[in-house]
Protein chains: 2
Amino acid sequence: MFDLIAYTNCSHSPVVEDAWQMPSHGQADGYTDLGFWTDLATRLERGGFTALFFADAYNVANQYRGRIDPTVRRGEQFPENDPLPLLSALAGATDRLGLVATASTSFYPPYLLAKKLSTIDDLTDGRLGWNVVTSVGDLEFENVVGDYIDHDERYDRADEYLEVCYKLWERSWAADAVRRDEETGTYADPDRVSFVDHEGDYFDVPGPHMCAPTPQRTPVVFQAGQSDRGRAFAAQHAEATFSFHLSRAGFESYVEDLTERAVAAGRDPDALNVYPAITPYVAPTETEARECYERVLDGIDPETGLVRLSNHLNHDYSQYDLDSPLEDIEVDGIRGVLNAFVDDDQTWTVREAAIRYARYPTVELVGTPSTVADELEKWGEAGADGFVVMAPLVPRQFVDVADYLIPELRERGLYPETVEPGQTLRERLFGGDATVADTHPAATVGERD
Amino acid sequence: MFDLIAYTNCSHSPVVEDAWQMPSHGQADGYTDLGFWTDLATRLERGGFTALFFADAYNVANQYRGRIDPTVRRGEQFPENDPLPLLSALAGATDRLGLVATASTSFYPPYLLAKKLSTIDDLTDGRLGWNVVTSVGDLEFENVVGDYIDHDERYDRADEYLEVCYKLWERSWAADAVRRDEETGTYADPDRVSFVDHEGDYFDVPGPHMCAPTPQRTPVVFQAGQSDRGRAFAAQHAEATFSFHLSRAGFESYVEDLTERAVAAGRDPDALNVYPAITPYVAPTETEARECYERVLDGIDPETGLVRLSNHLNHDYSQYDLDSPLEDIEVDGIRGVLNAFVDDDQTWTVREAAIRYARYPTVELVGTPSTVADELEKWGEAGADGFVVMAPLVPRQFVDVADYLIPELRERGLYPETVEPGQTLRERLFGGDATVADTHPAATVGERD
């Protein structure tokens, strides 16, 4: 059975930044408005989506022309609100939808974030997923913590950060710690609540955890690292990854690599779901699907893509002629970022790359429910446990997935017919227990009872 | 007209820690549950309350017997969840109730918190208040940030922290910055969104702010500092203070002092509301009111009060005989903390002080709507703009206030009959604008348009 995770962020346009100008995109007006979000979550749940995923960043990109002006003008993930405060309202409006939100290990003190996420796991009845990021932009580090932390050190630090969180979530409170024994006036048994006494390279956290055990204890860990160090981190910690791969061959070798690393880390690879990012344009007819796709493409200004490309590659693309061939440009790491969608045999101009990158390197699927489901089946054979659905037009394209694609997947036996309310997100994704699998490092960090 | 602010926190028992053992206290079971909170907020709004206020801390007190065990066993503000994630659900369940939550300037990076509070101000349609605290416990500093920061430096740092927030909230985005001009592809005008370039003793924050202007920009600033430095801070920044005073004379001199300081800081004292803390036991008959009061008193174990007293005075009260006179004990600052309720002419035992302190030094009002309203009128004449209602039994005592006290106050013309939905919290508290008064330092930190 597939999972379908709807991707968004709390900006006007989560995927294609120019979408604020496009019709059928309610998020442009709605992203600051509670009613927009509760309505979206309700529709997603009713339509059968597994979860709603929120990206987040604190970055204002300043690589393009060396200024923030193009980011401000194009609205490249800016302005952007914080998804964490939103989740309780979405939990109130739904009773099955998973709720996944991004929080950076580089920016929150771990003791503070552990309390915050425990609170949300309580308020969502265990439907919380945490997308772990380490953040990347110069300006966000400067704004939030002052000093930049280099890529590999960010991950070393994140490793220890998660260890701290696991100790707080899994070890500090025994399952039977809360007693509420009126005879002796004992709210919790002091022998069953303990310090965690973490002393490490980056953090010293004595504990105890502020919160009693929540339905999942550790929220479902999502991760999207693609670098070598990022994959090592994901293999260690992630219960779900989302990845960008245009070619199934590339995706298959990614899954193979990640599985090998997870097994080497002592983990059960069945407790690690991999979700490639897709952008479905699905409609009753091929023509309607293509019309929607073309409308989105027509609405993209190449500069919007260049701002994002400059940001992600830390290189100023304003200096090139839009019609010059991409292959003439030597930028460190460009293949690493673009390999997902640059076919080595194909010649791209800067303009073409910009317009493509403005849509992220997702798998774009344009067609009828039947042809799109055919494609997804093939990705399933390549190892996909489901998909992160990245849609330029929200809620329009999510509604199309719910109305057209999910029924087709259900007919093929690839998608659950119904989901019982009351399940935690982890139970929904993996069956089994509400708490982490025995081989996950959160489980092995210490005895729980 | 009075305001009534319902006080709570996300623990089992917000005021009297032993309340988890008492009947008519739904929060003991409900504090982790979204439905409990949305139900409470709905009742408060329907009953006419102005706002719901959430305290918060990251502290596990370890002064009593030098261990955390008594805190764990008595449940002294532990476990305790984070109120910030809860507010959007409460905003969805209500449309008039103000929502005030505590966040510590010592624990959140200011750039991160400014984004979070802006998000909540959006999601609540401008009904957010921020209770500014600097935190106090050894263990919470050790857990969250590593090093302890001394009292006066905490306030110096908080002064600069608020300056950073004000710059982000008030100066970074002009009112007309968001253009959404499809002709030129301009989401926001780069000339109307600016860096704030804050460089100070404690923080360097270039900006710009991540969020477009929200309904109130700066949330309504609440503060409860009682020390000399705390009052100076409140006079500078607070739009609402809540304070502990048992005697009206003490309260009057506090109001006088605070007003003087506010005027000296160039502020309009009418834009600063003062709310003493009260605990009303109100019922149709004196007998019923007294029965409820006695039940609460009977449920308090002196040790619970000693744990809190030890925590707040940073002194281990386990060493004294419960029946020894309090006056024999020399503890630095004890008069400062206890002056609100220790009458100099009265002899207290350690036990009596413990049982009293377990209820906080609030004004306890036990009686019929008429006798309680008489008392509140007198506090109004002494300068109270309203009251923070601290109730051991939640929702029971809030419901009693709504059912019995508010109608009585309305009959006397002391409480608004209805409140229009759509007002921001600041408009509700002060009339006037949704944004801060012209004399508030947030307004003077820089031009807004």
Side-chain angles (χ1 to χ4, degrees), chain A residues 10 12 18 20-21 32-34 38 58 60 68-69 72-75 78-82 84-89 91-93 107-109 111-112 115-116 118-120 122-123 139 142-146 180 182 185-190 193 204-208 210-212 214 301 303-304, chain B residues 10 12 18 20-21 32-34 38 58 60 68-69 72-75 78-82 84-89 91-93 107-109 111-112 115-116 118-120 122-123 139 142-146 180 182 185-190 193 204-208 210-212 214 301 303-304:
Chain A
C10 296
H12 51 82
D18 290 315
W20 59 266
Q21 306 171 72
T32 59
D33 180 46
L34 191 59
T38 52
Y58 290 72
V60 192
I68 65 165
D69 293 20
V72 173
R73 199 159 78 83
R74 294 291 174 190
F78 183 79
E80 184 172 18
N81 283 359
D82 180 352
L84 288 181
L86 182 54
L87 301 187
S88 72
F107 296 158
Y108 280 95
Y111 192 77
L112 187 155
K115 171 173 169 171
K116 196 175 286 296
S118 286
T119 299
I120 302 174
D122 269 338
L123 296 175
L139 197 49
E142 208 179 325
N143 270 314
V144 185
V145 289
R180 301 180 53 158
E182 298 187 15
T186 299
Y187 183 82
D189 179 352
V193 177
D204 292 336
V205 177
M210 285 302 301
C211 308
T214 69
D301 192 294
E303 191 179 57
T304 309
Chain B
C10 295
H12 51 83
D18 290 315
W20 60 266
Q21 306 171 73
T32 61
D33 181 46
L34 192 59
T38 52
Y58 290 73
V60 193
I68 66 166
D69 293 22
V72 173
R73 198 159 78 82
R74 294 292 173 190
F78 182 78
E80 185 171 18
N81 283 358
D82 180 352
L84 287 181
L86 181 54
L87 302 187
S88 72
F107 295 159
Y108 280 95
Y111 192 76
L112 188 155
K115 172 173 167 170
K116 198 174 286 296
S118 287
T119 299
I120 301 174
D122 269 337
L123 296 174
L139 198 49
E142 209 180 323
N143 270 314
V144 185
V145 290
R180 302 180 52 156
E182 299 188 16
T186 299
Y187 182 81
D189 180 350
V193 177
D204 291 336
V205 176
M210 285 301 300
C211 308
T214 69
D301 191 296
E303 191 180 57
T304 310

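Convention: sequence-line order gives letters A, B, ...; per-chain numbering from 1. Worth knowing before you read on, the calculation uses all heavy atoms, side chains too, and leaves out hydrogens, waters and symmetry mates.
Under the rule for a side chain to side chain contact (heavy atoms under 4.5 Å, CB included), the partners of B/Q21 that lie at least two apart in sequence or sit in another chain are A/E182, B/D18. Applying the salt bridge (Lys or Arg N to Asp or Glu O under 4.0 Å) criterion to A/R74, with sequence neighbours excluded, gives A/D301, A/E303.
To the nearest 0.5 Å, the span separating CZ on B/R180 from OH on B/Y187 amounts to 5.5 Å.
In terms of heavy-atom pairs under 4.5 Å with chain B, the best-connected choice from A/P206, A/P109, A/P208 is A/P206. Listed options A/A93, A/C211, A/A91, A/G92 were ranked by heavy-atom pairs under 4.5 angstrom with chain B; first place goes to A/C211. Contact count versus chain A (heavy atoms, under 4.5 Å) is highest, among B/H12, B/K115, B/E80, for B/K115. When the candidates A/T304, A/L87, A/V144 are compared by the number of heavy-atom contacts under 4.5 Å with chain B, A/V144 comes out ahead. With chain B as the partner, the residue from A/V205, A/V193, A/L112 showing the most heavy-atom pairs under 4.5 Å is A/L112. Considering only heavy-atom pairs separated by less than 4.5 Å from chain A, the leading option among B/I68, B/V72, B/L84, B/T38 is B/V72. Chain A forms the most heavy-atom pairs under 4.5 Å with one residue out of B/L123, B/T214, B/D69, B/D204, and that residue is B/L123. Highest contact tally toward chain A, considering only B/S118, B/G146, B/A188, is held by B/A188 [criterion: heavy-atom pairs under 4.5 Å].
Put simply, the side chain of B/S88 does not reach to within 4.5 Å of the side chain of A/P85, judged on heavy atoms. Side-chain contact between B/M210 and A/V60 is present, with heavy atoms from C-beta onward closer than 4.5 Å.
Contacts of B/D189 with chain A are made by backbone atoms alone, with heavy-atom separations under 4.5 Å and no side-chain atom involved. If you measure heavy-atom distances from B/T186 to chain A, the contacts under 4.5 Å come from both the backbone and the side chain.
Between B/F107 and B/Y58, the ring-plane angle classifies as perpendicular under the 30° and 60° cut-offs.
Annotation for A/C10 and A/L86: closest pair SG-CD2, 4.0 Å, computed over non-hydrogen atoms.
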